[in-house]
Amino acid sequence: MTIRVDVIRQAGAFTLAAQFASEGRVTAFFGRSGAGKTTLVNLVAGLLHPDRGRITVDDETLVDTGRGIDLPAHRRRIGYVFQDSRLFPHLSVRSNLLYGRRMTPRVERWGSLEATADLLGIAHLLSRRPGALSGGERQRVALGRALLASPRLLLLDEPLAALDEARKADLLPYIERLRDEMRLPMVYVSHSIEEVARIADTMVVLADGRAVASGPVAEILARSDLRPFTGQAEASAVIVARIVAGGEPGVALVDHPAGRLSVPGLDLPAGRAVRLRIRARDVALAVGEPGLISIRNRLAATVTGLAAADPPMVEVRLDAGGDVVMASVTEGAVQALGLRPGLPVTALIKSAAFDRMSLGPLETDNPQASRLDT
Amino acid sequence: MTIRVDVIRQAGAFTLAAQFASEGRVTAFFGRSGAGKTTLVNLVAGLLHPDRGRITVDDETLVDTGRGIDLPAHRRRIGYVFQDSRLFPHLSVRSNLLYGRRMTPRVERWGSLEATADLLGIAHLLSRRPGALSGGERQRVALGRALLASPRLLLLDEPLAALDEARKADLLPYIERLRDEMRLPMVYVSHSIEEVARIADTMVVLADGRAVASGPVAEILARSDLRPFTGQAEASAVIVARIVAGGEPGVALVDHPAGRLSVPGLDLPAGRAVRLRIRARDVALAVGEPGLISIRNRLAATVTGLAAADPPMVEVRLDAGGDVVMASVTEGAVQALGLRPGLPVTALIKSAAFDRMSLGPLETDNPQASRLDT
Amino acid sequence: MFDALTPEEWEAVHLSLRVATAATVGSMPVAIFVAWLLARTRFPGRALLDGFVHLPLVVPPVVTGYLLLLSFGRNGPVGAFLENTFGIVLAFRWTGAALAAAIMGFPLMVRAIRLSIDAIDPGLEAAASTLGANRVFVFLTVTLPLMLPGILAGAVLAFARGLGEFGATITFVGNIPGVTQTIPTAIYSYTQVPGGEAAALRLTAISVVIAFAALLASEALSRRIGRRVLGK
Amino acid sequence: MFDALTPEEWEAVHLSLRVATAATVGSMPVAIFVAWLLARTRFPGRALLDGFVHLPLVVPPVVTGYLLLLSFGRNGPVGAFLENTFGIVLAFRWTGAALAAAIMGFPLMVRAIRLSIDAIDPGLEAAASTLGANRVFVFLTVTLPLMLPGILAGAVLAFARGLGEFGATITFVGNIPGVTQTIPTAIYSYTQVPGGEAAALRLTAISVVIAFAALLASEALSRRIGRRVLGK
Amino acid sequence: DVTVFAAASLKNALDEIAADYREETGKRVLVSYAGSSALAKQIEAGAPADIFFSADLAWMDYLGERDLIRKDTRETLLGNAIVLVAPADSAATLTVEPGMDLLAVLGAEGRIAMANIESVPAGKYGKAAVESLGIWSAVAPRVVQADNVRAALAFVAAGEAPLGIVYRTDANSEPRVKVVGAFPADSHPPIIYPVAMTTWSQNPEARAFFDYLRSDKARLAYQKQGFTFVAAGS
Ligand SMILES: Nc1ncnc2c1ncn2[C@@H]1O[C@H](COP(=O)(O)OP(=O)(O)OP(=O)(O)O)[C@@H](O)[C@H]1O
Ligand SMILES: Nc1ncnc2c1ncn2[C@@H]1O[C@H](COP(=O)(O)OP(=O)(O)OP(=O)(O)O)[C@@H](O)[C@H]1O
Ligand SMILES: [Mg+2]
Ligand SMILES: [Mg+2]
């Protein structure tokens, strides 16, 4: 799915002027509070209208002020999970969930009330009114309601912010299944880099109403010029590897050109490509043999550059089998190890450090996956 | 501040029956969505009333159904930042912020509109109406409004959930200053263990309307029987160490009985005690002398136990200078290193892995700090 | 008190109920539509429509009745048209009394409904539209149910007003026992002759009782709706 | 049209404005209080109060006027009390006309305000109380401002009703040119003589114009309030 | 059924006559009571009235001019008188005569209650009578007009107005007022109630009841209410 946006919209003191094209199956809108994420999502949904510009999804023009096109929201078939849940207060949870279903042609429906409610953990709430739900419960019902309308594109505005970690961990795989099995394209608004890295393949970084960057998640997260927007602590690389047979139960062995990794918490069949986010702060470096230590994941790499980050940390860029990997180490360590460009090193990555939030299977037809086969 | 709660309240299908006493300066209410956190906070605020039971804060009885006491909300002087921001729609942001101020006796006021607005990054919004704010902006105004009423106790119901990482990183130190400098007691509802570990000294774990555990944060997080509630990936230890002179700029050297650590991102004077959260997944173990690796923080420790966690991970409990530290390693590593109780090991902790969210100074009068001097 | 009613008075009570009910029920769809137009749309002539809706409040009922007589009477343009085209006669029929009551209660109903519409969060309607509901469906499934408190309040006002309507009714359809004589016009007759006060007060008490019953019913209904709509 | 008004008619116009304004302004605090009682409290006799408020709608205006005469006349219990205690005389004064108009418009005002109160999120009042505001202060700074749309709507209805009020007024304070003769009583006189229609319609047009102006003003105000209250 | 449009002040008399008629003939008579003006305008607008019984000459003339009544049936049936009344407990004594001192009885701010002096017959007659006594200009500012004679009577009965001018028929039946004096019949135009059949009426029964209205039985009913029976031509 390709989303092309080139719009200008002014309201009060805030001007949104965003231009980008996103090729990904899941596009993340990322940016600080007040950057314009919700405004942009509303424009895509058809709830706000641009002063000038156009938005297309694949070949369909949603709005084009030049040509006088503006498809009304209800004809866009774009699902929207609002930042505030906006449940219908006069309807039971069940009726809320089923609201959009009536409007969907029978052949295009997918999912069922029971399955969705079970998955979201709201099956026991079906006969309640929204007024008697907790904050997180409301948000889950809102998600179910949008899904059961079987949209062609799903907009999620910080859908997990109100949820606890355990619930998040339950829901993320479901969102992935929507992405991979239902092939449901999504726009995902979040300020959690973990979530973005796990779910999205493309991201658009917004700041002050402007799209300051857009592109593949791995590229954006690796760009140090975007660090002010994406966050220092979150410098990270996203690498793609392929699952091989032979892991112990609950651990997947994955092959990467630079070495073999064992990744806990991944339960996918051999042959499947996966996306792994490796945060710079989770990578340690060894020069020569590291000794008897518990870190068993090792990638052979070469230092390609050193960049000063927040003192005293230094960001070491590595080439690991063609992928960029970063390590965040102290200046002291740089000196002690004599790190310099060209030096071969071993990147040490704890198995436990693969973030559960950012582990996910790759869309099977993602072009990144094919690289592994060459 | 001591908060004692022993209440029963039934509404619809949900019964809250919580009993606990919290001694801490900051008490976290922690639990899954729908566990009853908001309900409990409302009881403390005086917005809901227990069917039976009592709530006292220090020596003051807020409500006691037995004695027929029920202090009205407006006389409790308890600030409340709601999960939904509840700004007054008819007032400007400025008037919202100043609303509670008029009611506060002049001598008890602290903070100023300008300083608070600057800190919360809402100074440019003062003349707006709440209707024209983004989700995160609303939440910041709500926080400012509660603070400017100069409460004696502040209830924060997931105050940071709607905020981006950068904004969270800005606000957390402010909340700490409220805790340490203004000595403002707080109840903090959150499902982020990082935040809880950083802010709170006591935590109450809620599940299905019951307080399943309460006590010092470090203790609760270390208890493996509570892992179903606190989350597997989040197993962590909280250790207390004291800052010593001699760190490079931006890195604090801290002394712990088991060794010296350098911690980036801590800017506190020497002599100050700090609280460090060390997540099990960030700790690697070495048996014998490790090779030339970038991990420079090493604590001398002894294995005290091995506990199976989510396969293939094993949680290794360590005694490091009297503090419990945990390391999460794979079964493969346990075998390779021959880990067993009694084995002396070196705990390796990357400097970069200290979570910015969970780094914070200790309340100066915290009893844990005095242990360091013995 | 009740068994002291003459058959003619019983007829008046019966007729009043019929008139007030018909007026309330009949004007409701129109009032809902007009309220929605006024609250949610901008069109040229909107202010004029708004003013027009309020006219029956301002214009003395007798004048309203007279204007009705001129236009809806058998010789009036609208009345003649209705009679020739649909065979509907309003003048000097209970239907005319219902029309008069409907018109007098109309501004009350429209205002109450408008207030309810204004209180609806447009975000809910937006949410419905993203779920595929077109404007009409959004209106029927979201706006209308959330308007119920206003509709109910408006209906109570209009019903009560319909029970009490006198000036326009007697001027438009007269005071013919069993045909157009409602409680208020019957009361009027009594007040115009010596010794009629007791009968007038008795009839007044009856309409008060009826209105009270309607009010209690509406309050009960509104509590149910309130629970449903606002989850209270 | 306007210069065709006789001085007496001008007086009636002037008096009508005064009566309708006084009725609206004077009854507003009471209406706000009663609406609040009905919407937000439960007490024994609440249903009775609710019914009582609606009475002026149901009871024919002439009867209302007659009951006013009996109780607020100089010899009536309330009237005598008011005169002896405060020196306030209502009978045959414009103040009596204002009282009649206020009573007739009261149910309309109360209902509109109640609807607005019901639409207020109690969470906002709870928030205010955690900021230290006591019940009165919460009411003044949160509830009352958020009620403004309803107060305004109620005021427009009551004002319009006051301009059009006839039956209760003439029965209570009669028709004394320059003292109690309002536009509707003047209109009524015209309708009672053959050939008086033109004059009646002329006066009607004037009250329509006045009501229209009030309506436009209220709409402008309500747009401002709407922007403020709902951030629209 | 016969439909009669009658001035509201005739209710008691006509109700009794209609009941008698029904007893005698088994036929039902519907009487719509309202102000003469409203009735006349309704007849003009096509109301289904067979008989118009007015309290006012002007409105009967109005219909006559428009050929809405059968002029050959028009007849003056009843007469009435106007009297000066005061509350029953009033000490006022007055003789109705030219130049009488009404203001003395009214006191500093008392008012005299009358029906509307321009539009309601009782008011018009009252005004003419007071004018003929030569004191209208003094009395005029003190007049409080009601929309009908019953409301004027109520002002006096409630003690709000020290004096009032009303029909004798009303005064006689109201215990809370007493008649202070009667105005001479020549001090005002004759107070008469005309009746006629409408041109619209095709109802053969109407004629029968129209005749019954002039019967001796009916006459008793009118007189019981205090009207004088003045059937024209008789
Ligand atoms: N109705 C409005 N009128 C004027 N300005 C508005 C209006 N609504 C939002 N804004 C402003 O537009 C900007 C973008 O708002 P938006 O809701 O798109 O932010 P966001 O990126 O979604 O932020 P958050 O993460 O806090 O939800 C903010 O600065 C906000 O103050
Ligand atoms: N008015 C009500 N009537 C009945 N049940 C209610 C009502 N309000 C909340 N509940 C239920 O009470 C439970 C606790 O709600 P509460 O809001 O306290 O949860 P919470 O812990 O704050 O959750 P979250 O993290 O999602 O905000 C939930 O199961 C909810 O469904
Ligand atoms: Mg947003
Ligand atoms: Mg909650």
Side-chain angles (χ1 to χ4, degrees), chain C residues 6-9 11-12 60-80 83 89-93 96-97 100 166-182 184-200, chain E residues 1-16 18-19 28-50 55 68 115 146-151 153-154 157-158 166-177 200 224-226:
Chain C
T6 66
E8 219 174 62
E9 288 169 350
E11 253 176 336
V62 174
V63 175
T64 306
Y66 182 58
L67 295 176
L68 283 177
L69 187 63
L70 288 186
S71 39
F72 286 88
R74 300 185 91 138
N75 303 331
V78 191
E83 181 165 4
V89 181
L90 295 170
F92 309 110
R93 301 279 169 89
F166 160 68
T169 308
I170 200 169
T171 313
F172 178 30
V173 296
N175 184 8
I176 308 171
V179 183
T180 62
Q181 186 173 64
T182 58
T185 57
I187 291 174
Y188 166 81
S189 308
Y190 282 119
T191 62
Q192 292 308 300
V193 288
E197 287 84 1
Chain E
D1 297 359
V2 180
T3 305
V4 180
F5 276 24
S9 53
L10 295 166
K11 176 174 167 67
N12 282 353
L14 284 190
D15 277 353
E16 189 181 333
R28 203 156 70 120
V29 178
L30 299 177
V31 192
S32 177
Y33 299 106
S36 304
S37 64
L39 296 172
K41 283 175 190 155
Q42 286 168 358
I43 290 169
E44 185 183 11
D50 297 307
L68 292 164
D147 70 325
N148 59 62
V149 71
R150 301 287 306 169
L153 180 68
V166 299
Y167 287 127
R168 187 181 58 219
T169 47
D170 293 307
N172 285 345
S173 56
E174 173 55 80
R176 289 177 297 165
V177 303
W200 176 86
K224 196 155 108 196
Q225 297 303 322

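Numbers restart at 1 for each chain; the letters A, B, ... are given by sequence-line order, proteins then strands.
There is no contact between V62(C) and chain E, counting heavy-atom distances below 4.5 Å. Looking at N148(E), only its side chain comes within 4.5 Å of chain C, counting heavy atoms on both sides. Only the backbone of F172(C) comes within less than 4.5 Å of a heavy atom in chain E; its side chain stays farther off. Only the side chain of E174(E) comes within contact range of chain C, with heavy atoms under 4.5 Å apart. Interface remark: T169(E) contributes backbone atoms only to the contact with chain C (heavy atom separation under 4.5 Å). For a residue to count as touching a neighbouring chain, one of its non-hydrogen atoms must lie under 4.5 Å from one of that chain's; by this rule T191(C) touches chain E with the backbone only.
Residues P177(C) and S32(E) approach most closely at CD-N, 4.5 Å, considering heavy atoms.
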| Should F92(C) and T3(E) be marked as a side chain to side chain contact (heavy atoms under 4.5 Å, CB included) after you check the CA-CA gap, both sets of side-chain angles, and the distance that decides it? | CA-CA 11 Å; F92(C) 309 110; T3(E) 305; over 6 Å; no
| Between Q192(C) and Y33(E), is a side chain to side chain contact (heavy atoms under 4.5 Å, CB included) present by the stated rule, with each step listed? | CA-CA 9 Å; Q192(C) 292 308 300; Y33(E) 299 106; over 6 Å; no
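With chain C as the partner, the residue from V149(E), L10(E), N12(E) showing the most heavy-atom pairs under 4.5 Å is N12(E). Considering only heavy-atom pairs separated by less than 4.5 Å from chain C, the leading option among A7(E), A47(E), G46(E), P175(E) is A47(E).
For the pair N175(C) (side chain) and A34(E) (backbone), a donor-acceptor distance under 3.5 Å is absent. Without hydrogens or angle criteria, Q42(E) side chain to I170(C) main chain gives a donor-acceptor distance under 3.5 Å.
Put simply, the side chain of S189(C) reaches to within 4.5 Å of the side chain of K11(E), judged on heavy atoms.
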